[in-house]
Structures are given as structure tokens and as C-alpha cells.
Amino acid sequence: MRAEVVRMSAEQINMEAVEKAGRILKEGGLVAIPTETVYGLGGNALDPKASIKIYAAKGRPSDNPLIVHIAEMEKLSEIVTEIPEKARILAEKFWPGPLTMILPKADIVPKETTGGLDSVAVRFPSDRVAQEVIRAAGGFVAAPSANTSGRPSPTRAEHVIEDLGDAIDMIIDGGPVGIGLESTIVDFTEDVPVVLRPGYISLEMLKETLGEVRMDRGLLITDSSVRPKAPGMKYRHYAPQADLTIVEGHEEAVVEQINRFAAEAAALGKKVGIIATDETAGKYPLGIVKSIGSREDEDTIGQHLFEVLRDFDHCQVSAIYSEAFYTPRIGQAVMNRLLKAAGHKIISVS
Ligand code: AMP
Ligand code: MG
């Protein structure tokens, strides 16, 4: 493996390694960093060559712009031409944290970083290790999720090693991430703020703070003629190797249906995977059952979603069946990812 892997935690930051990461980034290299959402693949956001390298390492389509990460509020005005009042309010309330804002870009941000767009996505992460690396790198780090394009986002350093260990210079292992879902993206380039990607900060939380906020129509309608405004949201994503089907409805009916699928597969000598919760895992006698977390503590579902999808790639199952997770606060964000992973294959039972 090419990448040097360095472990550290927010409590014990290895400043020597942080300085080294900063040097690599300033010289145009790539360093994977932990953040509170998912691991990011960092490159200097103001260096077009670094951005091109990020696209190449991930196999990411070059029309899919990168999020620029900052570690000081004052840095925002250097990379955007305008900060609307509502964006200021959100930044004050949710930064540092899992919120990305789309604003008109300043000239110093190269088009290579923004996928050719005149706007730029900006986030100020709360993870202390990420903040130190961003500062050491000069203040502006473009960091998409550190996975191969199309695969589940990485929530542990092991996932980054698996996908990108041979393609990048350094990986900082900060342990498992806290949230496990990518940031909420809010677009400020129109009059009313628009959510382009749901995340840990829910639409309701945004509305409570700002009043009117819309959800991008392209997210709500699966009809492919309505394109999501965030270029990245149109791609199939997060897909495990086996076919994934979601079963939604009342708990008992869902368990019954999934057990029927598992029995049919077993009769054909096939193995299936089942994504359950702590509450239901014991109700599936057949197949490889993985609990994603507890419905009593929905954050645990966000934390483990990508890990469970990734783990099934090592299990040689022929199909995966998952319960639906429409939990009150982050359900929208979780189901957005799960539906994409399933190619929108969902069965309703009652
Ligand atoms: P990732 O880096 O994997 O978290 O993905 C970043 C997401 O932000 C993708 O869905 C991008 O399409 C979206 N994004 C980044 N910059 C912009 C922008 N300027 N306008 C709209 N969407 C953006
Ligand atoms: Mg991504």
C-alpha cells in the first residue's frame, strides 16, 4: 500500500503528522481525513491540479463538484463573493458542523474544484483533527467522501484503505466517525434556500431557523426527467455488490415478507443478507442478519448504514433485504441513501 496511515484522536492530536499532512496538501498531494460526517479525501481546494487528482483517485465524474472545507469562519469571505443574511444565520447556528452551503464563488476557487460551476460548496467541519489539518494546509481543503465513486461512503479509516490505499499519500485514522451520513447541503443561489441533499441537520431544523426552506424537487421525484440540482445526487450511489431491496410497512408484515424472501433463497441454496435493527434482529431465523442500530436511538442507524452496506460486500450474499428506516429526525437522510443504494427498489407490505 502506498498511503502512510497515522492514527490520532481529537484528544491526542499528533501535530507532527498534522504538519506533514499540511505539507503534502500544500504540495498538491492527497490526504484522507476524518470528519464528523464521513471520511473526506482532501486536496488543496485552490489548486486545480489537486482537484483533478481527487477526481482521478475516486473515479468521480468531473461534473460533480467538490465541497471546500474551512476551519475558520473568517475564511468564508475569501472564497465567495456574497454571503446572504440567511447564510450567516445558518453558519452561526450550525457551524462548525454537518452543514454545507452553496454560495457564489470567488475567482480564486478554480472551476476544476466546482465542476465548472460559478458557485462553490463550503463546509466548516466540527471534527478537531480535520480542523487542524485544514489549517496546516493553508485553510481550504476540497474533500469529497473518501470512497471509490459509487461505493458506500467511508465511516472508518479501514474503508478508506480498502478503496484508496494505493491511490493517495496519507490517511489519518481518527476512528469511527460520529454521524455517518454526509452533510446537509443548502443552496443559497436562489431567493428561497433549497436543500440539495438531506443530512443530519433536517429540513425541520432549517425551517425553525430560517422560515421558508424548500426541498429540491429532483430529490422528491424519482422520475429521471427532473434532475437534482446537486450534480452528484443524480448518480447511483452507495450500492453494495448484491441486489438490495427495501421492504416497508408495519413491522410484523415486513419481518414476515423478508423471512419469506430468505426462505425462497434458502430453498435454492442461496444466501441472503438482511438489514434489521436491534429490535428485530432476533426475528430472522435465516440468512446473514446485520443490525444497523436501534430505532430507539436513531443516530445509531445513521452511524452504521454505510458500514453495513460495505460489510455485505465481504459476505457473498446473492441478495440483500432491508427494513425501511423512516425515523423522525434523520429518517429522510437515511432513506435518501438507502433508496439510492437499492436503485429505488422498494416493496410495500401491509
Ligand atoms: P461529496 O463530496 O461526496 O460529499 O458530494 C458533494 C455533493 O455536493 C455532490 O452531490 C455535489 O454535486 C454537491 N455540490 C458540490 N458543489 C456544488 C455546487 N456548487 N452546486 C450544487 N451542488 C454541489
Ligand atoms: Mg460522496
Side-chain angles (χ1 to χ4, degrees), residues 30 32-43 45 50-51 53-70 76 79-82 87 97-106 109-125 127 130 140-155 159-160 163-164 177 179-190 193-201 214-219 227-239 302 305-306 309-310 333 336-337 340-341:
L30 303 183
I33 54 172
T35 83
E36 70 275 25
T37 56
V38 300
Y39 274 75
L41 172 56
S51 291
K53 270 194 202 167
I54 291 178
Y55 287 104
K58 280 179 63 79
R60 180 172 174 123
S62 60
D63 71 340
N64 186 2
L66 310 175
I67 296 174
V68 179
H69 291 66
I70 57 174
L76 177 61
I79 52 170
V80 305
T81 55
E82 196 197 325
L99 170 78
T100 295
M101 299 200 286
I102 311 282
L103 296 162
K105 84 169 190 70
V109 184
K111 289 254 173 147
E112 284 78 0
T113 301
T114 65
L117 298 175
D118 292 323
S119 56
V120 61
V122 191
R123 183 164 99 83
F124 181 172
D127 186 285
F140 303 102
V141 172
S145 50
N147 53 295
T148 303
S149 200
R151 291 208 73 201
S153 296
T155 54
H159 303 159
V160 183
D163 282 13
L164 301 173
V177 301
I179 292 177
L181 302 167
E182 306 90 337
S183 58
T184 306
I185 302 180
V186 184
D187 180 14
F188 283 97
T189 62
E190 293 176 35
V194 185
V195 174
L196 303 190
R197 177 172 72 188
Y200 189 80
I201 295 172
R214 284 197 297 112
M215 197 75 172
D216 182 20
R217 277 188 65 226
L219 290 181
R227 288 216 150 176
K229 193 168 175 201
M233 298 298 279
K234 68 178 178 281
Y235 296 108
R236 173 127 194 238
H237 234 129
Y238 315 126
L305 172 68
F306 290 136
L309 290 174
R310 217 171 241 273
N336 169 268
R337 275 69 172 180
K340 274 189 189 211

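In listed order, ligands and their atoms are each counted from 1. Predicted, not measured: the structure shown is a model, and the values here were computed from it.
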A.B. asks: Which of the numbered atoms in ligand 1 are below 4.0 angstrom from a heavy atom of Ser119?
C.D. replies: 18 (C), 19 (N), 20 (N)

A.B. asks: Is the shortest N/O to N/O distance between Glu182 and ligand 1 below 3.5 Å?
C.D. replies: no

A.B. asks: Yes or no: does Lys105 have any heavy atom under 4.0 Å from an atom of ligand 1?
C.D. replies: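 Heavy atoms of Lys105 never come under 4.0 Å of ligand 1.
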
A.B. asks: Which atoms of ligand 1 have any heavy atom of Leu117 under 4.0 Å away?
C.D. replies: 18 (C), 19 (N), 20 (N)

A.B. asks: Indicate yes or no: at least one non-hydrogen side-chain atom of Thr189 is less than 4.5 angstrom from one of Lys229.
C.D. replies: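 Yes - at least one pair of side-chain heavy atoms lies under 4.5 Å apart.
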
A.B. asks: Only one of His69, Arg123, Glu182 passes side-chain hydrogen bond (donor to acceptor under 3.5 Å, both in side chains) with Thr35; say which it is.
C.D. replies: Arg123

A.B. asks: Which residue holds the protein heavy atom closest to atom 4 (O) of ligand 1, what is that atom called, and what is the gap in Å?
C.D. replies: Arg197 NH1, 3.0 Å

A.B. asks: Look at atom 2 (O) of ligand 1 and say which protein heavy atom is nearest, naming residue and atom and giving the distance to 0.1 Å.
C.D. replies: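 Nearest protein contact, heavy atoms only, for atom 2 (O) of ligand 1 is Pro144 CA, 3.0 Å.
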
A.B. asks: Take Tyr200 and Leu181 through the test side chain to side chain contact (heavy atoms under 4.5 Å, CB included) and record every step on the way to the result.
C.D. replies: CA-CA 7 Å; Tyr200 189 80; Leu181 302 167; 5.6 Å; no

A.B. asks: List the closest protein heavy-atom neighbour of atom 8 (O) of ligand 1: residue, atom name, distance to the nearest 0.1 Å.
C.D. replies: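 Answer, as residue, atom name and distance: Ile185 CD1, 3.1 Å.
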
A.B. asks: Nearest to atom 6 (C) of ligand 1, what protein heavy atom do you find, and at what distance?
C.D. replies: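 So the nearest neighbour among protein heavy atoms is Arg60 NH2, 3.6 Å.
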
A.B. asks: So Tyr55 and Glu112, do their side chains get closer than 4.5 Å, heavy atoms only?
C.D. replies: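 Glu112 does not reach Tyr55 side chain to side chain.
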
A.B. asks: Heavy-atom distances under 4.0 Å are what count here, so tell me which part of Asp187 touches ligand 1: side chain, backbone, both or neither.
C.D. replies: neither

A.B. asks: Using every non-hydrogen atom in the two residues, find where Ala50 and Leu30 come nearest and quote the distance to one decimal.
C.D. replies: O-CD2, 3.9 Å

A.B. asks: Do Pro198 and Met215 have side chains that approach each other closer than 4.5 Å (heavy atoms only, starting at C-beta)?
C.D. replies: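 Yes, at least one pair of side-chain atoms sits under 4.5 Å.
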
A.B. asks: I want to check something: taking the side chain as every heavy atom from C-beta on, are His237 and Ser153 in contact at a cut-off of under 4.5 Å?
C.D. replies: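 A side-chain contact under 4.5 Å is absent here.
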
A.B. asks: What do you reckon, does Lys58 have a nitrogen or oxygen under 3.5 Å from a nitrogen or oxygen of ligand 1?
C.D. replies: no

A.B. asks: Heavy-atom contacts under 4.0 Å between His69 and ligand 1: side chain, backbone, both, or neither?
C.D. replies: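 Neither part.
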
A.B. asks: How far is atom 12 (O) of ligand 1 from its nearest protein heavy atom, and which residue and atom name does that atom have?
C.D. replies: Gly232 N, 2.6 Å

A.B. asks: Go through it in stages, so that I can follow the logic: the residues are Thr37 and Ser183, the test is side chain to side chain donor-acceptor pair (under 3.5 Å), and I'd like the CA-CA distance, side-chain angles, deciding distance and then a yes or no.
C.D. replies: CA-CA 6 Å; Thr37 56; Ser183 58; 5.8 Å; no

A.B. asks: Does Arg60 form a side chain to side chain contact (heavy atoms under 4.5 Å, CB included) with Thr148? I'd like the steps, not just the answer.
C.D. replies: CA-CA 8 Å; Arg60 180 172 174 123; Thr148 303; over 6 Å; no

A.B. asks: Does any N/O atom on Pro231 come nearer than 3.5 Å to any N/O atom on ligand 1?
C.D. replies: yes

A.B. asks: Report yes or no: does a heavy atom of Asn64 sit under 4.0 Å from some atom of ligand 1?
C.D. replies: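 Within the 4.0 Å threshold, so yes.
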
A.B. asks: Students should be able to answer this: which protein heavy-atom is nearest to atom 14 (N) of ligand 1, and at what distance?
C.D. replies: Pro65 CG, 3.6 Å

A.B. asks: For the pair Asp127 and Ile33, evaluate side chain to side chain contact (heavy atoms under 4.5 Å, CB included) and give the outcome as yes or no after the intermediate values.
C.D. replies: CA-CA 10 Å; Asp127 186 285; Ile33 54 172; over 6 Å; no

A.B. asks: Output the list of atoms in ligand 1 that are nearer than 4.0 Å to some heavy atom of Ser145, sorted by atom number.
C.D. replies: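 By the 4.0 Å cutoff, the relevant atoms are 1 (P), 2 (O), 3 (O).
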
A.B. asks: Measuring to the Mg ion (ligand 2), does Ser145 have an N/O/S atom at a distance below 2.8 Å?
C.D. replies: yes

A.B. asks: How far apart are the C-alpha atoms of Asn147 and Arg151, what are their side-chain angles, what is the distance that settles it, and do they pass the side chain to side chain donor-acceptor pair (under 3.5 Å) test?
C.D. replies: CA-CA 6 Å; Asn147 53 295; Arg151 291 208 73 201; over 6 Å; no

